[in-house]
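The sequence lines fix the lettering, A, B, ..., with proteins before strands; numbering per chain opens at 1.
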Amino acid sequence: MAEIDRKLLLDCALCPNMCRCECPVDQALGKEAVSPTGKARFAHMMLEGQLPWSEEFVEAVYSCVGCKGCETLCPFEGLELAEELRLVRLEAARQGVTLNSVQPYLSNLKKYGSPYGSRAPLSEEARGSKGAEVLVFAGCTTVANNPASLEAILALLDRAGVSYQMVEEYCCGYPADLWGDPELARQLAKENVRLFADSGARKLITNCPECWLTFKRRYPEWEQELPLEVVDGTAFLLELVREGRLKPAKVEGLEKVAYHDPCVWARYEERTEVPRELLASIPGLKLEEAAAAGKATRCCGGGQMFQLASPAGSEAIARRRLAEFPAGMPIVTDCPFCREGLKVEGAEVLELVELLQRACCGGSGR
Amino acid sequence: MSGSVEAIIQESSMSPEESAALARDLAKIVGEEGVSTKMVDRLATCRDFWPLMGVWFVEGKVPALPDVIVWPKSTAEVAAVLSLANERGIPVTPFGKGSGVLGGAIPLRGGIVLDTKLMKRVKELDRENLMITVEPGLNGALYEEYLNRHGFTGGHFPQSVRCSSVGGWLACRAAGQLSNRYGKIEDIVVALEAVLPDGTVIRGPKKPRTSTGPRIDLLFLGSEGTLGVITEATLSIWPYPEQKAKLSYAFDSLEQGLTVIRKIMQAGGRPAVVRLYDLDETAGHFPETREAEGRCMLVLLIEGDSTLVSAEVKLAQELALEEKGLDCGEAPVDHWDERRYNVSLSSKMIRQGAVLDTIEVTANWDNAFTVYKNMREALLNVEGTALASGHYSHVYPEGACLYMTICGFAPGDKTEYYKRFWSAAMEACLASGASIGHHHGLGLHRGLWMEEEQGENLKILRRIKQALDPKGIMNPGKLSLEVAEKWQK
Ligand SMILES: Cc1cc2nc3c(=O)[nH]c(=O)nc-3n(C[C@H](O)[C@H](O)[C@H](O)COP(=O)(O)OP(=O)(O)OC[C@H]3O[C@@H](n4cnc5c(N)ncnc54)[C@H](O)[C@@H]3O)c2cc1C
Ligand code: SF4
Ligand code: SF4
């Protein structure tokens, strides 16, 4: 398991906040304590035993949305502040401190395998075809907040003639890992790997970037070997469009949309063209870019499940981000957290799959 | 509660009961979420980026803790907070982004830290008159980003642009790296709004200069929070530069380089960036430039309207060749541009036990070189100093700012060593006839030389302070307006 890089963390604690203009938490909350350097300073002081491991100080190291905004400006080679802070949270948990606000979600995870509580069993339709090559992994946030987007991807697969299956999945492990319970994360991962192996599927597609990242980045760390290839759902759909198996048509009454780049796709993967090509495939639809777009995107407020850890903070970040979009058109994104995060002030936000469903299947039907 | 963190220059503070009562009253003004007495917030706002604070941080020490932090959202809220504090004689220290480098934002006597970060709106972009009006807590980089999106530039790029606030710039008389074309912040400012300790709001005219008596608002330039709080600023802006030209030359001596930049400025040229490095800094920054080996590098960036740019390029080329400057092309300018915000070395050095600082002073052309020579010698004579180097980076028809960098390993106590090299630098600077500060302000530490710098003027400044802030609540102990009991030379 990775260890805290104490030298780099101290370098950051000594840095005059040279990236704070790109830290959404800092900018939205306006508190020195949650500036990048502030977080590093409190982490260092607790690790040094200068401060106790208490909720008050630990909260500062939870005040990160993992957007990598800081890294775009950071001069320190190899410093991933969000990653260091994650490791500090693991240490905090070892010291007996987990943020109060996330406790109920952790309990749910232990009890139900989802941070949001019990999940309804899959419908026959969603289960799809047993043994199919493609396994759709919905992700807890999609199921809890926007089942319509799951509906949409299934409808699109049907439309393209791709046979799929779903399993009674567990949380990918992401929140447990974020909030200092790597053991729980590993257990969940293990359950999933078992289910995937039993399914016989060869390809897992997911429209949740956080699940995707967890499979890619954390499963190997947790020594959980995935028995199938993990594919980004949007990229998969784009392939179907390119192959002509999905044929987007004009969406009546919709001429312009804005697009919000999720941090995972734009910053971690530098994947910014896929959604744009997909949007461009919809006839008569014009994309209007946000003031900060592509790799220069800014967090929606939902990164690292900040909506659950700090609902007010998350909303403040979302308001700030919303101001960067052109007015009078829906915002499209491809992340369930971003969709949820940006839905403040009555903004119309939809996931790319939902839009594609309208373009390919008409209305919201199959 | 603060574990083993020690506040070592705190002069006074409130009891927990007193600060809780104060917080309750402040919450009536700014709302519950706009005030905090939490240790996490007190620790976070107890200091700025005075390099000695890094050394203390590693040693587990902090300077002085505030009792309450307040985040007002409007001028009216600032006025109400100050009136309340004034009525009760409670100290108030304004806090922008805490990037000040001389301890200006340290709440020596506890009380209230007034953090401006939630006052960050752009209030008006005046395209016709090329002015913008903003709140003081706006982050520098986001200010410039806003202007760029609308086709303008603010022309103000301190190295700390990403981590400083507009209010902090004004309060410290900051200088951006492109100051030679756009001016220091005091040249860029059109008018200010500020709140006095008794809650009175003053406003300057947003007009192209006035001849209507002394400008009260401009008294706040360089006041570093000691007179009140700047709550709004109207600043000049420029069309985004049409063209940029990059030039660089290496000279056998620093004096030759100085002659060139003096002549450029005196001929009316205004290259945005002018940086002339001494031998050590040239070797450190431009090791790949062969022509610069054993020489002093001059980097120039000229920008603006294309006709003017061509004329300035011609002028600079002619003058540089007259002094036998070796043309080093564009690469050194690009190198400067790429590294201009990289301050990682200072973290690394402090972590490894070094003590360091930068000291910027300002001199007329006739002694610009002497000041460098004397300060460098004085610094190198302090036991422990490993490096004392310099460059000139803000220039005027009448003289230049000299920016010295010092790094050393203390033979004993780090704080004592720090004080020793500063004293050596200040004495050498004053003895050479230069002014002790160009753009970082005075804060706590350089404030200790106010008397030597200002002489009789200091008495007048103290009278002004007394008139505006009779109870002495605003940022006490700074600029030598009162004595800082626990911080002496
Ligand atoms: C890496 C680095 C590079 C730097 N480069 C430069 C540079 O190139 N040029 C330059 O000029 N400076 C530079 N500085 C110094 C510093 O960034 C400036 O002094 C800056 O103007 C401070 O702004 P701030 O918002 O961080 O102010 P703070 O540090 O928060 O405050 C500075 C002082 O101003 C007072 N103050 C802040 N806001 C207000 C307000 N609204 N009303 C009244 N008083 C207020 C505070 O009480 C304090 O005394 C640099 C600093 C660092 C760390
Ligand atoms: S992340 Fe990098 S740039 Fe940001 S404060 Fe830390 S060290 Fe400085
Ligand atoms: S990852 Fe994002 S939220 Fe976290 S410190 Fe960096 S910029 Fe701030």
- line: So, the part of B/S344 with a heavy atom under 4.5 Å from chain A: the answer is both
message: Are more than 12 heavy atoms, taken from residues, nucleotides or ligands other than B/K123, located less than 6.0 Å from that residue's NZ atom?
response: yes
- prompt: For B/E32, does the CD atom have more than 12 heavy-atom neighbours from other residues, nucleotides or ligands under 6.0 Å away?
  reply: no
message: So which atom in B/R149 and which in A/A291 form the shortest heavy-atom distance, rounded to 0.1 Å?
response: CZ-CB, 3.3 Å
message: Distance check, rounded to the nearest 0.5 Å: B/L43 atom CG versus A/Q50 atom CD?
response: 10.0 Å
- request: Work out which heavy atom in B/C163 is nearest to a heavy atom in A/M18; give both atom names and the distance.
  value: SG-SD, 3.8 Å
query: A/R20 side chain to B/K97 main-chain N or O, any donor-acceptor pair under 3.5 Å?
result: yes
- request: Check whether A/A312 gets within reach of chain B through its side chain, its backbone, both or neither, counting any heavy atom under 4.5 Å.
  value: neither
field: Heavy-atom contact with chain B under 4.5 Å, split by part of A/T37
entry: side chain
task: Heavy-atom distances under 4.5 Å only: say whether A/L73 touches chain B with side chain, backbone, both or neither.
output: both
- prompt: Can you name the nearest heavy-atom pair linking B/D41 to A/A33, along with the distance?
  reply: OD1-CB, 3.8 Å
query: Is it the side chain or the backbone of B/V58 that comes within 4.5 Å of chain A heavy atoms, both, or neither?
result: both
Between B/E33, B/R339, B/M53, B/R47, the one whose heavy-atom pairs under 4.5 Å with chain A are most numerous: B/R47
- prompt: Taking all non-hydrogen atoms of both residues, which atom of B/F57 and which atom of A/A13 are closest, and how far apart?
  reply: CE2-CB, 3.7 Å
- prompt: Measuring from B/E144:CD to A/C21:SG, what's the distance to the nearest 0.5 Å?
  reply: 11.5 Å
Shortest non-hydrogen separation from B/S347 to A/F76 and the atoms involved: CB-CZ, 3.6 Å
field: Heavy atoms from other residues, nucleotides or ligands near CD of A/E345 exceed 12 (cutoff 6.0 Å)
entry: yes
Interatomic distance, A/L8 atom CG to B/K348 atom NZ [nearest 0.5 angstrom]: 8.5 Å
message: Between A/K31 and B/K38, is there a side-chain heavy-atom distance shorter than 4.5 Å?
response: no
- prompt: Do the side chains of A/L51 and B/V40 get nearer than 4.5 Å, heavy atoms only?
  reply: no
query: In terms of heavy-atom proximity below 4.5 Å to chain A, should B/E145 be classed as side chain, backbone, both, or neither?
result: side chain
task: Examine whether an atom of A/E324 lies under 4.5 Å from a heavy atom of chain B, and if so say whether it belongs to the side chain, the backbone or both; otherwise answer neither.
output: side chain
- line: The reported gap from CG in A/D11 to CD in B/Q352 (rounded to nearest 0.5 angstrom) is 8.5 Å
field: B/R162 bridged to A/E22 by N-O distance under 4.0 Å
entry: no
- request: Say whether, by atom type as modelled, one donor and one acceptor occur between the side chain of B/K120 and the main chain of A/Q27 under 3.5 angstrom.
  value: yes
- request: Specify the closest pair of heavy atoms between A/L29 and B/L118, including all atoms of both residues, with the distance to one decimal.
  value: O-CD2, 3.7 Å
- prompt: Which answer fits A/E59, side chain, backbone, both or neither, if we ask what part of it has an atom under 4.5 Å from a heavy atom of chain B?
  reply: side chain
